[in-house]
Amino acid sequence: MPELPEVETTVKGLRPHCLNQTIARIQVFQPRLRWPIPEHIQQLEGAEIKTITRRAKYILMQTSQGHMIWHLGMSGSMRILDAADPSAAHEHVKIDFENGQSLRYIDPRRFGALLFTNSDPFQHKLIQPLGPEPLGKDFNIDYLQRQCEKRATAIKNVIMDSHCVVGIGNIYACESLFLAAINPKTRASRISRKRLQRLVDSIRQMLQLAIKQGGTTLQDFTQTDGQPGYFAQSLNVYGNRGECPNCARVVKRITQGQRSTFYCSHCQH
DNA sequence: AAAGACACCTGTCCGC
DNA sequence: TGCGGACAGGTGTCTT
């Protein structure tokens, strides 16, 4: 589920509750996430949370004794609750703070991750090879054009490739291509600079608006206070089994890279 | 280097 | 009501 806006929403929700807090206790109820949660995560008991940042869809928590690297996978979410509150189903990690609050990690499908590193998390083997942030200055028309020139595959596959640009998952790939009026099947190398510029702009606009609205909730995702994200009401094509909001023709659904693609063949070329 | 298939896991929804 | 199958927001890894 979580794409960049949902992870960003999560980070913003965590900061006021977690920054400068001291970890009193870490409980791992289910270590078998995408990778096993390392046992030395326990070393962080007694540590203080210094910063919380996002890189791609990873959440980086810097503490006084090392870094936690989190990923929400397809169905992960985080909540802030009182330490005494009961655990929900699929709650795999509980971190109690000395102030009586706690951070919970909930993930029904367990595609997420919690990793630990002592050194620079940006040098971690999962983080280091990632492409630029879509909202940063390194993601621009010159960069995207260079990436697309060498790619024969469909444009949707390119913008979902984290080595090209990070943070764009299936929802926002479909939606930004709709906004840019580009057919998701078009070979990346055959799209004009002008149209790629439109795509860059669309991706930016879309992600910024989604962040403002707290992300997209389809099923599992909640903000850290338990509220859903409200961007779902702004979706034009993703999950749309009816008509295009622009031209009223039926929205098409195809499969690309084993993922569903929704688009309007009349409005997108 | 690039492209595609597959794996990991649980819950939900739809048709019969 | 129950059962089987398709499908779901991600992405590292392996094979072509």
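Each chain gets a letter, A, B and so on, in the order the sequences are listed, and its residues count up from 1.
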Among [options], which nucleotide sits nearest the side chain of [X]?
X      : options               : result
A:M74  : C:dG12, C:dG10, B:dA3 : C:dG10
A:R110 : C:dG12, C:dG9, B:dT10 : B:dT10
A:N157 : B:dG4, B:dC9, C:dT11  : B:dG4
A:Q258 : B:dA2, B:dA5, B:dT10  : B:dA5
A:W35  : C:dG12, B:dA2, C:dG10 : C:dG12
A:L126 : C:dG12, C:dC7, B:dA3  : C:dG12
A:T153 : B:dG4, C:dG9, B:dG11  : B:dG4
A:N170 : C:dG10, C:dC7, B:dA2  : C:dG10

Mind calculating the distance between [atom1] ([X]) and [atom2] ([N]) to the nearest angstrom?
X      : N      : atom1 : atom2 : answer
A:Y172 : C:dG10 : OH    : P     : 10 Å
A:Y238 : C:dG10 : OH    : P     : 8 Å
A:L218 : C:dG9  : CG    : P     : 8 Å
A:Q147 : B:dA3  : CD    : P     : 11 Å
A:L72  : C:dG10 : CG    : C1'   : 10 Å
A:R55  : C:dT11 : CZ    : P     : 12 Å
A:N240 : C:dA8  : CG    : C1'   : 17 Å
A:Q30  : B:dC9  : CD    : P     : 10 Å

OP1 or OP2 of [N] under 4.0 Å from side-chain N/O of [X]:
X      : N      : result
A:H90  : B:dG11 : yes
A:S162 : C:dG10 : no
A:H71  : C:dG10 : no
A:K150 : B:dA2  : yes

Requested in this report: Name the nucleic acid region contacted by A:Y58, choosing base, sugar-phosphate or nothing; use a 4.0 angstrom heavy-atom cut-off, strictly under.
Outcome: sugar-phosphate

Query raised in the report: How is A:R32 classified with respect to the nucleic acid when contacts are heavy atoms under 4.0 Å: base, sugar-phosphate, or nothing?
Result: sugar-phosphate

Report task. Establish, yes or no, whether a centroid distance under 6.0 Å links the rings of A:H92 and A:F29. Result -> no

**Report entry** Distance flag, aromatic centroids of A:W70 and A:Y105, threshold under 6.0 Å
**Finding:** yes

Requested in this report: Could you check whether the rings of A:Y172 and A:F231 sit parallel, tilted or perpendicular, using 30° and 60° as the cut-offs?
Outcome: tilted

Query raised in the report: Just by distance, with hydrogens left out, do A:S260 and A:R253 show a side-chain donor and acceptor under 3.5 Å apart?
Result: yes

Report task. Determine whether the side chains of A:T261 and A:K156 contain a donor N or O and an acceptor N or O closer than 3.5 Å. Result -> yes

Query raised in the report: Distance from A:S119 atom OG to A:H67 atom NE2, nearest 0.5 Å?
Result: 7.5 Å

Query raised in the report: If you round to the nearest 0.5 Å, how far is CD1 of A:I155 from NZ of A:K185?
Result: 15.0 Å

Report summary line: In DNA chain C, consecutive runs of at least three Watson-Crick or G-U pairs below 3.5 Å, as range with range, amount to B:2-8 with C:10-16, B:10-16 with C:2-8

Report task. Please confirm whether any donor atom in the side chain of A:R109 sits under 3.5 Å from an acceptor in the base of B:dC9, or the reverse. Result -> yes

Query raised in the report: Going by modelled atom types, is there a donor-acceptor pair between the base of C:dT11 and the side chain of A:R34 at under 3.5 Å?
Result: yes

Query raised in the report: Would A:F111 count as stacked on C:dT11 if the rule is ring centres under 5.5 Å and plane angle under 30°?
Result: no

Query raised in the report: Distance between the P atoms of B:dC6 and C:dA6, in whole angstroms?
Result: 14 Å

**Report entry** Gap in Å between the two C1' atoms, one belonging to C:dG9 and one to B:dA3, rounded
**Finding:** 23 Å

Query - Nearest heavy atoms of A:A188 and A:C148, plus distance in Å - result: O-CB, 3.6 Å

Query raised in the report: Does a sphere of radius 6.0 Å around CZ in A:R193 hold more than 12 heavy atoms from other residues, nucleotides or ligands, not counting ones at 6.0 Å or beyond?
Result: yes

